[in-house]
Amino acid sequence: MEKKVRVRFAPSPTGGLHIGGVRTVLYNYLFAKHHGGDFILRIEDTDQTRYVPGAEEYIYQTLEWCGLHPDESPKHGGNFAPYRQSERKEMYRKYAEELVQKGYAYYAFDTAEELDAMRARLRTNENPSPQYDRTVRMQMRNSLVLSEQETADLLAAGTRHVIRIKMPENETLSFTDLIRGEVTFDTSVVDDKVLLKADGMPTYHLAVVVDDYLMQISHAFRGEEWLPSAPVHVLLWRYLFGEDAMPQWAHLPLILGPNGKLSKRDGAKYGFPVFAANWTDAKTGELTEGFRERGFLPEAFINMLAMLGWNDGTDQEVFSLEELVQKFAIEKVHKGGAKFDYEKAKWFNHEWIKKLDVKHYEGEVKKIFVEKGWHPGVESYLEKVLNLVKDRCTLLSDFWEHSYFFFKAPAELDTTPIKSKWNDTKEGFFFSFAKALSSLSDWSAASIEALFKQLAEQASIKPGELQLPLRIMLVGGKFGPPVFDIVQVLGKEEAIGRIHSGLNMIREAV
RNA sequence: GCCGCGUUCGUCUAAGGGCUAGGACACCACCCUUUCACGGUGGUGAUACGGGUUCGAAUCCCGUACGCGGUACCA
């Protein structure tokens with residue numbers, strides 16, 4: 001009987017979510033939904049020294065923006081609550097004690113100073129980072145070397161201590177990774193990791209195993225940086241719950257920056273966001289820009305991340321979330337890390353801006369417009385304008401520069417391109433064009449263009465000679481969408497008004 | 001240092017023994033457009049290196065190099 005698919009994303013609330021984290025959530029979500037399973041959000045806040053206020057709320061907001069809704073979480077609740085590890089603190093100790101009882105773990109009373117001293121003593125060029133492992137554990141202060149009575153006394157006296165796993169010697173451990181296949185380790189080279197800290201909190205290693213078991217997680221996907229500690233987790237599963245109950249692992253490749261692992265610094269250095277949404281560090285006040293505020297659509301952001309390390313085997317690159325859910329297969333995830341390319345990210349956004357109806361992002365665009373000093377006007381007019389310029393916008397923030405002139409008549413004109421060729425015949429043409437426009441009944445770009453060409457022919461001027469002046473009168477310079485589309489969207493009254501004031505300005509300039 | 005993972009155009013990737021190694025981004029050229037873009041067409045450009053196995057290898061095996069990750073009472 002197949003277990004129900006249950007996956008979890010388990011971030012620690014220590015700051016903004018960067019794109020590597022978001023991709024991990026995405027793949028978890030896609031896998032769960034593809035298999036009709038549950039997607040759980042668990043907050044791993046066992047390190048109280050690194051806890052950052054606001055970080056958890058930020059995670060919810062980011063997931064919501066991306067459209068990745070958890071079935072269970074601290075906020076949404078669920079049958080396996082609590083979902084915050086700090087609130088589960090009492091549950092872990094008993095498993096750690098169980099391991100000690102079974103001889104798989106031991107109490108260690110070494111102080112931070114003693115650990116430092118051990119490392120300093122053993123450090124050499126050949127061994128730059130000595131570990132607390134089988135080679136030194138019998139020289140330390142722990143229940144392996146202390147007598148039972150001494151250990152009991154220390155414990156009874158409330159001596160600060162941790163519980164460490166006792167890694168077996170010379171054992172070959174392997175497990176099957178859904179992406180990488182069989183991965184093998186020699187237990188002798190893994191150190192005696194701390195399982196339960198002196199403050200009573202579990203470390204990640206204990207917590208992830210206990211919680212994955214208690215929350216009936218069927219598949220566990222996480223970043224590749226966890227691969228080296230996988231043997232510890234496999235062992236804990238074996239000792240505590242049996243390897244048969246262990247979730248299937250998949251270690252996701254890393255997302256790289258221009259040189260090495262992608263970092264916040266890369267973003268600042270190369271001018272692209274690395275966080276999903278803006279993040280302000282409460283302590284330093286430092287703001288790290290997000291994709292969202294940069295003008296990315298969630299659809300594009302998700303799409304771009306999904307393709308960074310995965311594809312369905314075809315040439316298709318633009319996928320909606322629904323399509324991704326339908327087609328996602330964890331086996332097709334790449335093994336190698338992927339270098340993030342901001343240009344490609346922008347391309348995805350451009351594709352989505354073109355593809356989506358403007359109603360989808362009108363609200364966001366309005367916010368940006370208001371910041372630029374725009375006053376909300378007629379809804380249908382705004383929509384027409386956005387539809388006209390959407391193809392030329394890569395980011396939502398591009399809309400303003402491509403359309404501001406629809407909301408405000410030009411205060412001055414760039415007449416340099418037309419000045420030298422300006423004459424009375426042309427002026428006369430525009431007078432009669434404006435007049436003819438006022439009585440035009442079919443107000444469409446096509447009939448405006450027909451009218452324009454007809455009058456041009458009557459005046460014996462090539463229409464091409466007149467289009468640029470018209471454009472400049474309407475928008476102020478050499479830019480914007482096709483000129484007759486501009487006339488149409490502007491509307492009769494506004495277009496005629498701009499032609500008349502444009503003529504005045506040209507006359508002054510010539 | 002040790003351990004692990006990886007390596008196809010500049011970048012993301014397809015091809016998992018068999019056509020001139022395909023697509024996308026970026027770049028270049030041309031076309032479209034008497035604005036600027038969009039768009040269209042075409043082009044430059046890759047199997048890290050060395051050995052095997054095989055009629056045949058990007059693909060399987062071994063070695064080397066390089067990259068990345070880990071090596072905390074952080075996750």
Side-chain angles (χ1 to χ4, degrees), chain A residues 10-14 44-47 49-50 85 108 110-112 115 119 123-133 160-164 177 179-180 183-186 188-191 193-205 207-208 222-231 251 253-254 256 258-261 304 307-318 334-348 350-351 354 389-394 398 401-402 414 417 462-468 470-472 474-475 477-483 486:
Chain A
S12 34
T14 54
E44 309 223 331
D45 55 348
T46 55
D47 185 358
T49 62
R50 293 212 308 162
Q85 287 182 332
D110 316 275
T111 62
L115 290 175
R119 295 202 168 95
R123 189 170 352 235
T124 61
N125 281 344
E126 307 300 86
N127 184 15
S129 44
Q131 299 181 304
Y132 198 122
D133 61 13
R160 280 180 75 81
H161 66 279
V162 301
I163 292 179
R164 286 180 181 270
D177 184 286
I179 295 171
R180 291 154 210 282
V183 184
T184 304
F185 298 88
D186 182 344
S188 308
V189 300
V190 183
D191 62 329
K193 293 260 182 260
V194 168
L195 266 19
L196 198 73
K197 299 187 261 191
D199 64 1
M201 279 287 195
T203 59
Y204 172 83
H205 305 104
V208 73
R222 69 225 304 194
E224 190 184 350
E225 70 269 25
W226 288 109
L227 201 43
S229 47
H251 290 85
L254 264 15
L256 278 6
N259 32 23
K261 193 181 178 181
M304 176 273 290
M307 302 312 284
L308 216 50
W310 175 87
N311 71 86
D312 73 341
T314 72
D315 285 342
Q316 184 177 352
E317 292 195 272
V318 177
H334 253 244
K335 295 180 177 75
K339 203 172 282 187
F340 172 69
D341 181 9
Y342 185 54
E343 293 304 320
K344 187 83 185 228
K346 284 194 292 191
W347 176 79
F348 276 108
H350 185 39
E351 291 301 307
K354 287 191 289 181
V389 302
K390 63 191 276 202
D391 285 4
R392 2 176 35 105
C393 298
T394 297
D398 293 338
E401 62 163 298
H402 286 295
D414 174 15
K462 274 190 277 186
E465 289 275 303
L466 298 163
Q467 281 193 31
L468 192 54
L470 175 60
R471 167 181 300 281
I472 290 172
L474 295 175
V475 306
K478 287 178 65 169
F479 47 78
V483 71
I486 298 176

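Below, read A as the first sequence line, B as the second, and so on, with proteins coming before strands; counting in each chain starts at 1.
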For [N] and [M], measure between their [atom1] atoms and round to the nearest Å.
| N | M | atom1 | result |
| --- | --- | --- | --- |
| A15(B) | C27(B) | C1' | 25 Å |
| C60(B) | G67(B) | P | 24 Å |
| A26(B) | A65(B) | P | 38 Å |

message: Is the phosphate of A14(B) approached by H334(A) (side-chain N or O, under 4.0 Å from OP1 or OP2)?
response: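 Checking A14(B) against H334(A), a side-chain N or O does come within under 4.0 Å of OP1 or OP2.
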field: Any N311(A) side-chain N or O less than 4.0 Å from OP1/OP2 of A14(B)
entry: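 Answer yes for this pair, as a side-chain N or O of N311(A) is under 4.0 Å from OP1 or OP2.
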field: Shortest side-chain distance from E343(A), nucleotide among A26(B), G6(B), U35(B)
entry: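 Output: A26(B).
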task: Sort out the partner of C25(B) for me: Watson-Crick or G-U wobble, both distances under 3.5 Å, none otherwise.
output: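 With both distances under 3.5 Å, C25(B) matches G10(B).
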Could you go through nucleotides 18-23 of chain B and list every protein N or O atom that sits under 3.5 Å from one of its N or O atoms, giving the distance for each pair?
none

Residues that [X] engages under ring-ring contact (aromatic ring centres under 6.0 Å, His included), provided they are two or more places apart:
| X | answer |
| --- | --- |
| W226(A) | Y204(A) |
| H402(A) | none |
| F185(A) | none |

Side chain to side chain donor-acceptor pair (under 3.5 Å) with [X]: which residues, sequence neighbours excluded?
| X | result |
| --- | --- |
| D191(A) | K193(A) |
| T314(A) | D312(A) |
| Y132(A) | D110(A), N142(A) |

- prompt: Once you round it to whole Å, what is the distance between P of A24(B) and NE2 of H350(A)?
  reply: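 For the pair H350(A) NE2 and A24(B) P, the rounded distance is 15 Å.
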- prompt: Where is the tightest heavy-atom contact between P481(A) and V389(A), given as atom of each residue plus distance?
  reply: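 Scanning both residues completely, I find the closest heavy atoms to be CG-CG1, 3.8 Å.
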task: For A207(A) and Q85(A), work out which heavy atoms get closest and say how close.
output: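 Where A207(A) meets Q85(A) most closely, the heavy atoms are CB-NE2, 3.3 Å.
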task: For atom NZ of K462(A), decide whether the heavy atoms of other residues, nucleotides or ligands shown that lie under 6.0 angstrom number more than 12.
output: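 At most 12 heavy atoms, drawn from other residues, nucleotides or ligands, come within 6.0 Å of this atom.
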task: Give the B/S/- string for nucleotides 67-75 of chain B, one per nucleotide from 5' to 3', where a protein heavy atom under 4.0 Å of the base yields B, of only the sugar-phosphate yields S, and otherwise -.
output: -SBSBSBBB
Are any protein N/O atoms closer than 3.5 Å to N/O atoms in nucleotides 61-65 of chain B? If there are, list each pair with its distance.
none

Filtered N/O pairs between nucleotides 45-47 of chain B and protein, under 3.5 Å:
none

query: Looking across every strand, which nucleic acid part, if any, lies under 4.0 Å from V183(A) by heavy atom: base, sugar-phosphate, or nothing?
result: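 The residue V183(A) makes sugar-phosphate contact but no base contact.
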message: Base, sugar-phosphate or nothing for F185(A)? Non-hydrogen atoms, less than 4.0 Å.
response: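 Sugar-phosphate: the residue F185(A), judged by heavy atoms under 4.0 Å, touches backbone atoms but no base.
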For residues 339-346 of chain A, which side-chain N or O atoms pair as donor and acceptor with protein atoms under 3.5 Å away, sequence neighbours left out?
{"from": "D341(A)", "atom 1": "OD1", "to": "E343(A)", "atom 2": "N", "distance (Å)": "3.2"}
{"from": "Y342(A)", "atom 1": "OH", "to": "R294(A)", "atom 2": "NH1", "distance (Å)": "2.8"}
{"from": "K344(A)", "atom 1": "NZ", "to": "E317(A)", "atom 2": "OE2", "distance (Å)": "2.9"}

Review item, nucleotides 28-32 of chain B N/O atoms under 3.5 Å of protein N/O:
none

